[in-house]
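In this text the structure is predicted, and so the values were computed from the model without any measurement. Every chain is numbered from 1 and lettered A, B, ... according to where its sequence line falls, protein lines coming before strand lines.
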Number of protein chains: 2
Amino acid sequence: MSWSKPGDRDGRRAYHHGNLREALIRAALDLIAQKGPAGFTFADAARWAGVSSAAPYRHFRDREALLADVARRGFELFEAALSRAWDDGRPDPYRAFESVGRAYLAFARGEPAYYSAMFEAGIPLDADAGLRDAAGRAFEVLRHASETLCTRVPPDKRPPALMMSLHIWALSHGVASLFARGDSGRRPLPMAPEELLEAGVLIYLRGLGLIAEPHKPEN
Amino acid sequence: MSWSKPGDRDGRRAYHHGNLREALIRAALDLIAQKGPAGFTFADAARWAGVSSAAPYRHFRDREALLADVARRGFELFEAALSRAWDDGRPDPYRAFESVGRAYLAFARGEPAYYSAMFEAGIPLDADAGLRDAAGRAFEVLRHASETLCTRVPPDKRPPALMMSLHIWALSHGVASLFARGDSGRRPLPMAPEELLEAGVLIYLRGLGLIAEPHKPEN
DNA sequence: CAGCTCATGTTAACGGCTTTTACATGAGCG
DNA sequence: CGCTCATGTAAAAGCCGTTAACATGAGCTG
């Protein structure tokens with residue numbers, strides 16, 4: 001990593017940090033990962049970056065603006081992860097769709113700080129246009145995948161793709177929020193969250209008529 | 001309402017409030033409803049109740065303990081609402097099950113303050129035994145309903161009831177969290193959250209083989 | 001290079017919140 | 001009546017967010 005360059009010259013930090021914006025975001029991620037989005041503190045982030053507690057205001061309107069920026073970046077990474085998992089529907093739309101579901105959970109678990117900022121920090125989506133757009137693009141991946149899957153069904157029995165994507169989103173989000181987050185408060189489960197979600201999606205797709213038999217994508 | 005009795009005698013509040021614990025919980029509900037669980041303040045609650053900012057500590061260990069108590073009461077009301085909706089499986093298990101789903105959303109919308117304290121305040125469930133138990137009892141309603149529904153299927157094709165209840169819970173929670181909460185940040189939907197959830201549950205049940213035809217519970 | 005300008009830091013201060021400590025009140029009881 | 005203890009108050013320490021006034025120095029312009 002090379003996201004900071006404070007005083008590389010002679011060991012003494014310069015008066016100007018040089019990369020404070022990035023450093024603050026890194027700090028926010030670390031702190032959110034440790035103590036949750038509510039426990040994150042502007043002053044702490046400043047300390048972590050080695051600047052005074054007023055310095056962050058040169059880069060963010062206020063504490064919430066920093067959180068919103070973290071959330072925006074989170075949605076961008078989220079979209080990338082979902083896109084990678086979908087992989088244009090390869091090897092086949094069913095498997096690719098399952099892969100998207102797993103990517104959703106993997107993100108919630110692998111990037112808890114981003115996930116918290118995105119869904120648990122209470123940032124209103126319309127606080128920032130960039131944030132809303134990023135969130136929209138991430139959802140669009142899910143929607144596109146649903147649409148592709150839907151076209152595999154004769155048009156007269158074809159379910160509405162938007163509704164389908166909302167269902168999958170809600171199920172994924174519910175599983176992630178309830179069962180795949182922080183170690184505290186988690187309920188003992190008969191199966192891993194990934195399996196739970198995968199089974200749920202399979203059952204749902206079967207209910208839509210997209211899959212004929214249990215355990216066998218018909219592709 | 002008659003949940004407070006401060007200075008009923010001569011109009012001047014007595015030195016001892018007489019009902020501070022309840023008053024603080026009422027205040028918390030009002031404030032959470034207004035500004036979210038993060039915006040809720042111990043000091044505000046004290047002001048609202050007309051006592052000094054240190055008085056609440058005679059009734060709650062700290063701010064989080066008050067939130068936890070609100071959450072516990074929320075889960076108790078939640079359980080009652082779900083039980084009422086289930087109504088012992090009347091008029092038939094399918095309709096009763098749908099009713100439970102609607103009750104889930106109705107609670108999220110009708111009691112946003114409780115719902116926030118329960119699911120969005122970041123209170124660890126194991127912070128309090130009473131809280132964990134109350135949450136468990138609420139979930140038990142869902143689990144029992146699932147079990148009843150499952151027994152309508154021949155044992156050899158019967159799905160695991162626990163898994164089913166977890167799926168329904170996750171779907172309900174996902175829909176509620178993403179689409180049926182505060183006016184800000186809500187995404188434009190092609191249908192009401194209630195319809196979205198009901199459709200999702202129907203599709204899911206059909207996928208399980210619990211419902212034969214679209215739009216017709218076979219009862 | 002001299003000097004100006006402006007982005008980016010710092011210090012100091014205000015008000016609010018949480019929590020603790022020492023003290024005050026008065027309700028209930030023998 | 002007088003004791004005791006639950007329940008209140010006042011005051012203070014420490015933290016946070018935010019703002020205002022001031023300081024620094026990087027980079028352009030002449």
Here the distance between atom P of D:dC16 and atom CZ of B:Phe42, to the nearest Å, is 20 Å
B:His59 NE2 to D:dA6 P, in whole Å, measures 12 Å
With the side chain defined as heavy atoms from C-beta on, A:Ala43 is closest, among C:dT19, D:dG17, D:dG8, to D:dG17
Checking A:Trp169, A:Tyr104, A:Tyr114, A:Tyr115 against A:Phe78 for ring-ring contact (aromatic ring centres under 6.0 Å, His included), the one that qualifies is A:Tyr104
Within the distance-only criterion (no hydrogens, no angle test), does the side chain of B:Asn19 pair as donor or acceptor with the backbone N or O of B:Glu22 below 3.5 angstrom?
no
Nearest-nucleotide check on DNA chain C, A:Ser53 vs B:Thr41; residue mapping nearer the 5' end is A:Ser53
Whether the side chain of B:Arg143 engages the backbone of B:Ser165 through a donor-acceptor N/O pair (distance < 3.5 Å, no angle test) should be reported.
no
Whole-Å distance, B:Arg63 CZ to C:dC17 P, equals 11 Å
For B:Arg21 and B:His59 the tightest heavy-atom approach is NH2-O, 3.3 Å
Atom CZ of A:Phe60 and atom P of D:dT18 are separated, to the nearest Å, by 13 Å
Whole-Å distance, B:Asp44 CG to C:dT18 C1', equals 13 Å
To the nearest angstrom, the CG-P distance between B:Leu20 and C:dT25 comes to 19 Å
Here the distance between atom P of C:dT8 and atom CG of A:Leu24, to the nearest Å, is 12 Å
What's A:Ala54 touching, base or sugar-phosphate or nothing? Going by heavy atoms closer than 4.0 Å. base
Requested in this report: Quick one: label B:Tyr57 by what it contacts on the DNA or RNA (base, sugar-phosphate, nothing), any heavy atom closer than 4.0 Å.
Outcome: base
Of the listed C:dA12, D:dC16, D:dT9, the closest approach to the B:Val51 side chain comes from D:dT9
B:Arg58 atom CZ is separated from D:dT9 atom C1', nearest whole Å, by 10 Å
Worksheet item: Taking NZ, NE, NH1 and NH2 as the nitrogens, is one of them in A:Arg73 or A:Asp69 under 4.0 Å from a carboxylate oxygen of the other?
Response: yes
Across the strands shown, which category fits A:Arg47 at heavy-atom distances under 4.0 angstrom: base, sugar-phosphate, nothing?
-> sugar-phosphate
